[in-house]
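Notes follow once the structure below has been shown.
A, B, ... follow the sequence lines: proteins, then strands. Residue 1 opens every chain.
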2 protein chains.
Amino acid sequence: MRPSDLPQVRALRLFDSMEDESFAALMQASYLQTFPAQLDLIHEGEPADFLYVVIEGCVELYASSNGREATMAMVHPVGSFILAAVLKDVAYLMSARTCARSKLLLIPAQNVRDALGSDDGFARAIVQELAGCYRGVVKEYKSLKLRTSVEQLANRLLRYNKERCDAHGAFELPYDKKTLASLLGMTPENLSRSFNTLKPYGVEVNGAQIKLTDVKALEALAKPHPLIDERGN
Amino acid sequence: MRPSDLPQVRALRLFDSMEDESFAALMQASYLQTFPAQLDLIHEGEPADFLYVVIEGCVELYASSNGREATMAMVHPVGSFILAAVLKDVAYLMSARTCARSKLLLIPAQNVRDALGSDDGFARAIVQELAGCYRGVVKEYKSLKLRTSVEQLANRLLRYNKERCDAHGAFELPYDKKTLASLLGMTPENLSRSFNTLKPYGVEVNGAQIKLTDVKALEALAKPHPLIDERGN
DNA sequence: TGGCGCCATTGATCTGGGTCAAGTGCGGTG
DNA sequence: CACCGCACTTGACCCAGATCAATGGCGCCA
């Protein structure tokens with residue numbers, strides 16, 4: 001574990017109120033590994049051996065059933081994934097693969113559970129993290145149930161615009177369109193069409209580069225709502 | 001609070017490892033209320049003032065956006081709802097209404113948070129409960145993303161059959177078909193049609209009474225999978 | 001008992017999105 | 001540079017499910 005990565009991990013809400021000794025012990029037991037792109041890290045149904053933290057790169061969580069596959073979430077630095085399975089010591093519900101060359105911290109599940117039992121600050125942070133994860137997936141579930149594909153895309157673009165807009169008023173899509181389509185629960189063909197549908201609402205597309213030239217019109221179509229679109233609470 | 005309801009509540013995994021004094025204090029601060037059917041208990045967006053426990057009856061959690069509404073979950077005795085919002089002291093993401101005359105225990109949110117901070121057994125139980133809630137909604141999200149409406153209904157019927165099958169090999173739907181349709185993310189018309197689609201697979205429908213006469217054939221269509229269909233872990 | 005409201009079913013029609021296929025562009029490799 | 005593979009776009013066609021409308025059944029109420 002490179003010492004320069006430690007502050008980044010320590011600053012995660014999950015770990016920031018942990019006792020120094022607990023945190024040091026947990027990091028001592030952990031592994032920092034670099035993985036190439038398109039590598040399967042875990043498979044749904046397997047027992048949860050590690051809690052994963054993305055230090056660099058990007059990880060796709062996906063699910064498969066009956067010959068079908070869907071992207072469930074994307075994890076960026078310095079996010080963690082698969083916490084619930086680790087805490088309950090049960091099987092993963094989703095598989096994970098890197099979508100770029102990635103550096104990941106692997107924390108043995110048993111050590112996480114031990115620390116939960118011995119460090120109150122950690123336990124409280126875990127409660128807040130789990131509650132946040134729960135609310136995050138409820139929001140995604142709401143979006144899928146209550147919105148059309150075009151509406152979902154419009155809201156996603158508004159969020160990216162808010163988070164990533166550069167000096168030219170444009171932003172770059174955080175991952176390829178095929179993955180974005182799967183994340184939104186549609187086919188790549190339909191994503192392409194949805195972008196075209198949004199053209200009259202000021203959405204200019206140049207590959208992965210997007211520029212929103214009429215945010216007001218797009219918002220009128222998208223109808224963003226904090227109870228679905230806000231992240232982090 | 002009627003003393004006869006206490007053991008039921010105490011036996012909930014959320015409370016069963018709580019210190020006696022903590023539990024008594026929490027119950028002392030709580031209210032037991034009876035509500036008629038079709039009564040709105042909370043509205044999404046409101047601050048979380050209480051943790052709710054269903055003692056008798058049934059509660060529907062639903063979400064609204066942009067003129068659309070969808071059932072998100074149904075809560076039976078002795079289940080709780082809205083735990084994450086209580087713990088994070090943030091707004092509810094879903095509204096709730098009774099779908100039958102219901103007796104509910106209302107536990108003030110601040111008291112729950114206080115108990116979380118002072119009772120380790122409770123904190124640990126909350127972690128397990130939240131992790132379970134998270135995994136439950138991930139499974140619902142997976143089902144919606146990966147299955148057709150007919151497949152969802154087939155799996156739902158198989159689950160009810162397993163849970164509720166009586167001596168005649170039949171079971172009663174746990175709520176009206178309109179609600180079931182909304183829970184499965186379809187219209188009542190389409191639910192009706194889906195039942196007809198399942199007829200050749202041995203699904204006999206008489207109002208709310210259902211009989212599965214060829215479970216094997218239905219399973220071949222439904223393709224149940226524990227990572228989506230199992231509840232409780 | 002009659003009237004009303006609501007749920008559920010059924011039919012006709014529509015539509016958002018999927019499937020299939022072909023074409024284009026781009027990056028990587030030898 | 002040529003070739004290949006893959007992502008993405010576009011068009012044609014299909015279809016699962018929604019919408020709209022009508023009907024029947026049931027429970028409730030005066």
If the threshold is 4.0 Å, N to carboxylate O, is there a salt bridge linking [X] and [Y]?
X: A:K142; Y: B:E44; value: yes
X: A:E140; Y: B:K145; value: no
X: A:R231; Y: A:E163; value: no
X: B:D229; Y: B:K162; value: no
X: A:K211; Y: A:E204; value: no

Self-check item: Boundaries of the chain A footprint along DNA chain D (any atom under 4.0 Å from a heavy atom)
Solution: D:dA7 to D:dA12

Quiz item: Just wondering, more than 12 heavy atoms not from A:K88 lying within 6.0 Å of its NZ?
Solution: yes

Quiz prompt | d(CG, A:D176; P, C:dG27) in whole Å | solution = 14 Å

Quiz prompt | Atom-pair distance (CG on B:L180; P on C:dT9), nearest Å | solution = 11 Å

Could you pull out the protein-nucleic contacts involving nucleotides 16-20 of chain C (nitrogen or oxygen on both sides, under 3.5 Å)?
{"unit_1": "C:dG17", "atom_1": "OP1", "unit_2": "A:S149", "atom_2": "N", "d": "2.8"}
{"unit_1": "C:dG17", "atom_1": "OP1", "unit_2": "A:S149", "atom_2": "OG", "d": "3.1"}
{"unit_1": "C:dG18", "atom_1": "OP2", "unit_2": "A:T187", "atom_2": "N", "d": "3.3"}
{"unit_1": "C:dG18", "atom_1": "OP2", "unit_2": "A:T187", "atom_2": "OG1", "d": "3.1"}
{"unit_1": "C:dC20", "atom_1": "N4", "unit_2": "A:E189", "atom_2": "OE2", "d": "2.9"}

Practice problem: Would you tell me if any nitrogen or oxygen in the side chain of B:K178 comes within less than 4.0 Å of OP1 or OP2 on C:dC7? | Solution: yes

Quiz item: Which atoms form the tightest heavy-atom contact between A:S80 and A:V75, and what is the distance?
Solution: O-CG1, 4.0 Å

Quiz item: Between the main-chain N or O of A:L87 and the side-chain N or O of B:Q128, is there a donor-acceptor pair closer than 3.5 Å?
Solution: yes

